[in-house]
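Side chains included, hydrogens not; waters and symmetry mates left out as well; all remaining heavy atoms used. Within every chain, numbering begins at 1; the chains are lettered A, B, ... in the order of the sequence lines, protein sequences first and strands thereafter.
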Amino acid sequence: MRTSLVKSSDPYNGYLKSKLKINYQLHFLLLPSVVLILMFSYAPILGLIMAFQDFKVSKGFLGSPFVGLKYFDILFSTPDFYQIIRNTFFFASTEIIFLLLFSFIFALLLNEVRATFFKRFVQTFVYLPHFLSWVILSGIFIEILNVDGGLVNQFLVNLFGMKPIFFLGDGNWFRFTIVTTDVWKEFGYSAIVILAAISSIDPSLYEAAEMDGANRWQQTLFVTIPSLIPIMIVVATLKLGSVLDANFDQIFPLYNGLVMEKADIIDTYAYRMGLLNLNFSFTAAVGMFKSVVSFVMIVIGYRLAYKLANYRIF
Amino acid sequence: MKYSSKSYTLFTIANYIFLALLSATCIAPLLHLLALSLSSKAPANANLVGFWPVGFTTAAYYETFGNQNFIRASIISLLRSVVGPVFSMIVTTMGAYSLSKEHAQFKSRNVYMWFFVFAMLFNGGLIPTYMVVRSIGLMNSFWVLILPIAVSVFNMILLLNFFRASVPKSVEEAAFIDGANHIRTLFFIYLPLAVPALATITLFNIIIHWNSYFDGLIYMTDSKNHPLATFLLTIVVSENANPLGMVNNIKNISESTLKASQIFLSLIPILLVYPFLQRYFIKGIIMGSVKE
């Protein structure tokens, strides 16, 4: 009798009970996102089964006959495929390296600016391109990089007496243009993380260095740069997952028949093979190759980030 | 701290000049675009326009506003940039709330977490996704622009970390003891505290929706359903002699001033959102690196 009285008047116990009762709400709140992820992430993953079938739209996933690794055999014996992997790797890796390098230098230079007004001014301008779409920028770049009197070529011809450069029609210049414009678009934005890391460096380190007679350059060399190494390692390793992610949004509007050999990347190839030529199973195999490699690289990247810089994402 | 050495002064001057030039390169293409859109056709086609209009005229804008395809595409883009982020935020916030609970309180939490994280790390690729969208019957539907990108696992993790960091456990427990359930707690305790994070993610979502062109290109077989970014793509690539097949069916070849005016108009919403964005995104990025 007495125990039951205590139980019902114990507020904490009642709180726990009611909480158990309302836990179904937590599942309910997750329901919409679970359904959407099932539909648009897991269903396509299951749909990868079509890479092992002779997929026909009319027969669907269930009715198409299985052909084993046929399409992977075709894929790995297509010479184009290796060129495309090389191109993709070239764009992805040079963009990662130059972006990291340039945003690092930019962050160091911006950090030396004492006038707050000027700092804000620079930041406002250099962050802006990140938010503009590649469609818009391609429209502008096609116009100003035009070999036939585009703004940049006018500049080169009139000021330096150079021959006009076929930026978007010559394979090597195309690669140069893609990497340069990508770095141009993103350097400001990717410097934000580095700037944040700089501002979190312990000021007493600089004071100590100054006491020891270090000038500004030596402080940068021996305090700032070493303090930034962990964050740079994290950023670099986390990018490992995107070694096969050349910038489709950028290359797609800009590439053309003249530069195909040096410009074609996995995603543009998949678009043409799959949606224009309708080789569905073959393209699914291409996509699966990319997904598997990317997944492995992401896992390696996360592991490395944890080992080298003790950084955990989850 | 003072830096008075001569070489440092020299460096400072060079640094300011360099950074000013760098800023100029970021804005110069846009200025050229604006100048081009306000120039007369003849000087524009003869490549005489630099950063100032030659033969000032607003004719290109008049023509653009009279272009039904442009107007229709703009409306579709405006719609998706409102509906998409709102829908996405509702779904993401609900999910992030549940996932922000500790394992002790919500036993299935880690199972859900792995379910989402795996979906972020591995994907089926272009063709299987396309086939799924087709088989659900979403082709040419407005919702194909909204649903597939509604749940961003990355944003969900961002938000759940923010919830964990900014909602004091004691406040939440007090709400529960007062008889609030999870849904009330989410609305009246979590949401008001998470406004900065929600604003950041919403703004990013708006930009993503406004800028996306590929979904419109592949899922909208009828060019009447193209959002503005896709519409502009068809204009931009037609000039670049692009072997895109699908795109080349829709020829929108127009003169450079007309093209410039259309591109510039499509920039305006971004320029309008940018000041708000700038206030938030630095915080947002740093927030993204906050660990659980």
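Heavy atoms of S294(A) lying under 4.5 Å from chain B are absent altogether. With a 4.5 Å cut-off on non-hydrogen atoms, I149(B) does not touch chain A at all. Heavy-atom distances place no part of K107(B) under 4.5 Å from chain A, backbone and side chain included. For A115(A), the parts lying near chain B are the backbone and the side chain together; criterion is any non-hydrogen pair under 4.5 Å. Contact of V273(B) with chain A is not made at all, since no heavy-atom distance falls under 4.5 Å. Contact of S266(B) with chain A is made through backbone and side chain together, with heavy-atom distances under 4.5 Å. With a 4.5 Å cut-off on non-hydrogen atoms, F118(B) touches chain A through its backbone and its side chain both. Within the 4.5 angstrom heavy-atom criterion, atoms from both the backbone and the side chain of L109(A) approach chain B. Contacts of I208(B) with chain A are absent, with no heavy-atom separation under 4.5 Å from either backbone or side chain. Both the backbone and the side chain of L19(B) come within contact range of chain A, each with at least one heavy atom under 4.5 Å from a heavy atom of that chain. Heavy atoms of L151(A) lying under 4.5 Å from chain B belong exclusively to its side chain. Contacts of T124(A) with chain B are made by both backbone and side-chain atoms, with heavy-atom separations under 4.5 Å. Residue contact with chain A, scored on non-hydrogen atoms closer than 4.5 Å, is absent for I90(B). Looking at I207(B), only its side chain comes within 4.5 Å of chain A, counting heavy atoms on both sides. In this structure, chain A has no heavy atom under 4.5 Å from any part of L21(B). In this structure, chain A has heavy atoms under 4.5 Å from both the backbone and the side chain of A20(B). Of the two parts of D249(A), the backbone and the side chain both hold a non-hydrogen atom closer than 4.5 Å to a non-hydrogen atom of chain B.
Using cut-offs of 30° and 60° for the angle between ring planes, the Y16(B) and F118(A) rings count as parallel. Taking the six-membered ring where tryptophan is involved, the planes of Y213(B) and F248(A) are essentially parallel, since the angle between them stays under 30° and well short of 60°.
A 6.0 Å sphere centred on CD1 of I268(B) holds more than 12 heavy atoms belonging to other residues, nucleotides or ligands.
Side-chain contact check for E143(A) and S256(B): no donor-acceptor pair (N or O, by modelled atom type) lies under 3.5 Å.
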Give every donor-acceptor pair under 3.5 Å between a side-chain atom in residues 284-293 of chain A and any protein atom, sequence neighbours left out.
residue : atom : partner : partner atom : Å
K290(A) : NZ   : D245(A) : OD1          : 2.9
K290(A) : NZ   : D267(A) : OD1          : 3.1
K290(A) : NZ   : D267(A) : OD2          : 3.2
S291(A) : OG   : G287(A) : O            : 3.2
S291(A) : OG   : N123(B) : O            : 2.7
S291(A) : OG   : N123(B) : OD1          : 3.4

Taking only distance into account, with no hydrogens and no angle test, what donor-acceptor pairs under 3.5 Å do side-chain atoms of residues 26-46 of chain A form with protein atoms, sequence neighbours excluded?
residue : atom : partner : partner atom : Å
H27(A)  : ND1  : Y112(B) : OH           : 2.9
S33(A)  : OG   : L30(A)  : O            : 3.2
Y42(A)  : OH   : F115(B) : O            : 2.5

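Annotation: maximal heavy-atom pairing with chain A below 4.5 Å, among I183(B), L232(B), T93(B), occurs at I183(B). With chain A as partner, the option from T230(B), I136(B), V132(B) having the largest number of non-hydrogen pairs under 4.5 angstrom is V132(B). With chain A as partner, the option from G125(B), A119(B), S108(B), S7(B) having the largest number of non-hydrogen pairs under 4.5 angstrom is A119(B). Each of F116(B), W210(B), F11(B) has some count of heavy-atom pairs under 4.5 Å with chain A, and the biggest count is that of F116(B). The residue among V57(A), I49(A), V113(A) with the most heavy atom pairs within less than 4.5 Å of chain B is V113(A). Heavy-atom pairs under 4.5 Å with chain A were tallied for T129(B), I270(B), N15(B), I263(B); the largest tally goes to N15(B).
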**Report entry** Worked verdict on L22(B) versus V122(A) for side-chain contact (heavy atoms from CB on, under 4.5 Å)
**Finding:** CA-CA 8 Å; L22(B) 205 58; V122(A) 172; over 6 Å; no
Query raised in the report: Can you list the steps and then say if I144(A) with H32(B) is a side-chain contact (heavy atoms from CB on, under 4.5 Å)?
Result: CA-CA 9 Å; I144(A) 63 177; H32(B) 173 66; 3.2 Å; yes
Requested in this report: Test L121(B) against Y302(A) for side-chain contact (heavy atoms from CB on, under 4.5 Å), laying out the working first.
Outcome: CA-CA 11 Å; L121(B) 301 185; Y302(A) 285 8; 4.2 Å; yes
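From N23(A), atom CG reaches atom CD of Q105(B) across 6.5 Å, with rounding to the nearest 0.5 Å. To the nearest 0.5 Å, atom CZ of residue F122(B) and atom CG of residue L48(A) are 6.0 Å apart. Distance CD1/I136(A) to CG/L33(B): 8.5 Å, rounded to 0.5 Å. Rounding to the nearest 0.5 Å places CZ of F131(A) at 4.5 Å from CZ of F204(B). In this structure, CZ in F280(A) is found 10.0 Å from CG in L126(B), a value given to the nearest 0.5 Å.
L275(A) has its side chain out of reach of L217(B): every pair of non-hydrogen atoms, C-beta onward, lies at least 4.5 Å apart. Here the side chains of L233(B) and F252(A) are in contact, with some heavy-atom distance below 4.5 Å. Side-chain contact between Y8(B) and W217(A) is absent, with no heavy atoms from C-beta onward closer than 4.5 Å.
What you find for V135(A) and A229(B) is that their closest heavy atoms are CG1-O, 3.6 Å. Nearest heavy atoms, H182(B) versus Q25(A): N-OE1, 2.9 Å. Listed here is the closest heavy atom pair of C26(B) and V126(A): SG-CA, 3.8 Å.
Judged by distance alone, with hydrogens and angles left aside, the side-chain atoms of Y127(A) form no donor-acceptor pair with the main-chain N or O of Q278(B) at under 3.5 Å. Using a distance-only test at 3.5 Å, with no hydrogens or angles considered, no donor-acceptor pair links the side chain of Q154(A) to the main chain of G50(B).
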